[in-house]
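Nothing fancy with the numbering, it's 1 onward along the sequence.
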Amino acid sequence: MMKGGGAMPSEKAVIFDLDGVLIDSEELHYAAYQRVLAQFGVNVGREEYARHWIAAGHGPEYAIAAYRLPVTADQLRDLKNPVYHELLRNHVQLMPGAVEALERLARAYPLALATNSNAVDVGFVVDRFGLRRFFRAIVTREQYARPKPDPDAFLAAAAAIGVPPHRCAVVEDAYKGVLAAHRAGMPCVVVPHAFTADNDFRLAARRLASLDELTAEVVEQLLRR
């Protein structure tokens, strides 16, 4: 039993991404990188950011090579992190329908969270919005080797809740997450937003217009494939 619902069918589960799925944070990530890159005289457009940071998941590496920056990709991330922390704490909001979707699915499945974000930021978000009660496991960047689009985050989440990967449905918003789910052997439903609407979602099992469309029936359809 979970706090938020009834009995759980242990052979099935749902794994959620965080950024862009449950919280409206991509604008904050973009603003943080813009501030940092401005120190080097670089202005990254929204389309460029969407393609290399969100879709591909290798934005810092791309920026170092494209703009010949005098820092490493990890150093660029280190410069960005405190800026993002500040923006997150002052401006983060939930995506429309996030709590309702979690409430619906938590009554039918064990839920996990698998994200590229670090434990400090994730802890702040789930506690601020009261989301921790929905999740049997929360997997952050410190708990696996390779970030999305590699499958490590989702595989770690499946192991944490004790459900085979192919019996876990993933909820994502971007190409790198869909690819990570595909590599993990998990069917994926995608809920795009403004930054990811043009991503290649051919590997997704289903595309939804909003979290309001995410129901237990949709998950069952995914897992029956």
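Taking every heavy atom of both residues into account, Glu48 and Tyr67 meet most closely at OE2-OH, 2.6 Å. Between Cys168 and Ile15, the closest heavy-atom pair is CB-CD1, 3.9 Å. Across all their heavy atoms, Ala13 and Leu223 have their closest contact at O-CD1, 4.5 Å. The two residues Arg104 and Leu211 come nearest to each other via the heavy atoms NH2-O, 2.9 Å. A pairwise comparison of heavy atoms in Ala153 and Ala114 identifies O-CB, 3.7 Å as the closest pair. Across all their heavy atoms, Thr215 and Leu105 have their closest contact at C-CD2, 3.6 Å.
Of the possible donor and acceptor atoms, none in the side chain of Glu220 sits under 3.5 Å from a partner among the backbone N and O of Glu217. Asn90 places a side-chain N or O within donor-acceptor distance of the main-chain N or O of Glu86, the cut-off being under 3.5 Å. Side-chain atoms of Asn118 never come within 3.5 Å of backbone atoms of Arg141 as a donor-acceptor pair (strictly under, hydrogens ignored). With hydrogens and angles ignored, the 3.5 Å screen pairs no side-chain donor or acceptor of Glu172 with any backbone N or O of Asp17. Between the side chain of Asp127 and the main chain of Phe129, no donor-acceptor pair closer than 3.5 Å is present. Here the side chain of Arg133 pairs a donor or acceptor atom with the backbone of Gly130 at under 3.5 angstrom. In this structure a side-chain-to-backbone donor-acceptor pair under 3.5 Å is present from Arg183 to Pro149. The backbone N or O of Arg77 sits less than 3.5 Å from a side-chain atom of Asn81, completing a donor-acceptor pair. Counting only distance, with no hydrogens or angles, the side chain of Arg89 and the backbone of His85 share a donor-acceptor pair below 3.5 Å. Between the side chain of Asn116 and the backbone N or O of Lys148 there is at least one donor-acceptor pair closer than 3.5 Å.
With no hydrogens or angles considered, no side-chain donor-acceptor pair links Glu11 and Tyr109 at under 3.5 Å. Using a 3.5 Å distance cut-off with no hydrogens or angles, the side chains of Glu213 and Ser210 do not pair a donor with an acceptor. Between the side chains of Lys176 and His58, no donor N or O sits under 3.5 Å from an acceptor N or O. Using a 3.5 Å distance cut-off with no hydrogens or angles, the side chains of Asp173 and Thr196 do not pair a donor with an acceptor. Donor-acceptor pairing under 3.5 Å is recorded for the side chains of Gln34 and Tyr30.
The 12-atom threshold is not exceeded at OH of Tyr175, counting heavy atoms of other residues, nucleotides or ligands nearer than 6.0 Å. The 12-atom threshold is not exceeded at CD of Gln93, counting heavy atoms of other residues, nucleotides or ligands nearer than 6.0 Å. Within a 6.0 Å radius of CD in Glu47, other residues, nucleotides and ligands contribute 12 heavy atoms or fewer. For His29, the NE2 atom is densely surrounded, since the number of other residues' heavy atoms within 6.0 Å is greater than 12.
Annotation: side chain of Phe135 is not in contact with side chain of Ile161 (no heavy-atom distance under 4.5 Å). Side-chain contact between Leu214 and Leu208 is present, with heavy atoms from C-beta onward closer than 4.5 Å. Side-chain contact between Val14 and Phe16 is present, with heavy atoms from C-beta onward closer than 4.5 Å. Between Leu94 and Leu131 the shortest side-chain heavy-atom distance falls below 4.5 Å. Asp121 is listed as a side-chain neighbour of Tyr84, based on a closest heavy-atom distance under 4.5 Å. Between Arg206 and Leu222, some side-chain heavy-atom pair lies under the 4.5 Å cut-off. Using a 4.5 Å heavy-atom threshold, the side chains of Ile138 and Val122 count as touching. Taking the side chain as every heavy atom from C-beta outward, Pro165 and Leu155 approach each other to under 4.5 Å.
Linking ILVMFWY side-chain heavy atoms closer than 4.5 Å, directly or via other members, places Leu88 and Leu79 in a single hydrophobic cluster. Follow the hydrophobic side-chain contacts under 4.5 Å out from Leu113 and you reach Leu111 in the same cluster. Neither Val139 nor Val21 shares a network with the other; the hydrophobic side chains, linked directly or stepwise wherever heavy atoms of I, L, V, M, F, W or Y lie under 4.5 Å apart, form separate groups for each. Under a hydrophobic clustering in which Ile, Leu, Val, Met, Phe, Trp and Tyr are joined whenever their side-chain heavy atoms come within less than 4.5 Å, directly or via other members, Val36 and Ile54 fall into the same cluster. Under the 4.5 Å side-chain heavy-atom criterion for Ile, Leu, Val, Met, Phe, Trp and Tyr, Val189 and Phe134 are members of the same hydrophobic cluster.
Classification of the Tyr62-His52 ring pair by plane angle, with boundaries at 30° and 60°, yields parallel.
The distance from the CG atom of Leu203 to the NE2 atom of His182 is 5.0 Å, given to the nearest 0.5 Å. Going from atom CD1 of Ile23 over to atom CE of Met95 covers 9.5 Å, rounded to the nearest 0.5 Å. Considering CH2 of Trp53 and CD of Glu61, their distance stands at 9.5 Å, rounded to 0.5 Å. The line from CG of Leu69 to CD of Gln39 is 11.0 Å long, rounded to the nearest 0.5 Å. The CG atom of Leu18 lies 4.5 Å from the OG1 atom of Thr115; values are rounded to the nearest 0.5 Å. Here Cys188 contributes atom SG and Phe201 contributes atom CZ; the two are 8.5 Å apart, rounded to the nearest 0.5 Å.
Remark: Arg51 does not engage Asp198 in a salt bridge, criterion side-chain N to carboxylate O under 4.0 Å.
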Hey, mind stepping through Lys12 and Val163 against side chain to side chain contact (heavy atoms under 4.5 Å, CB included) and telling me if it holds? CA-CA 6 Å; Lys12 300 176 184 178; Val163 178; 5.6 Å; no
Quick one, Glu27 with Leu87, criterion side chain to side chain contact (heavy atoms under 4.5 Å, CB included). Give me CA distance, side-chain angles, the key distance, then yes/no. CA-CA 10 Å; Glu27 288 284 354; Leu87 292 171; over 6 Å; no
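Checked against the 6.0 Å centroid threshold, Tyr49 and Phe195 count as a close aromatic pair.
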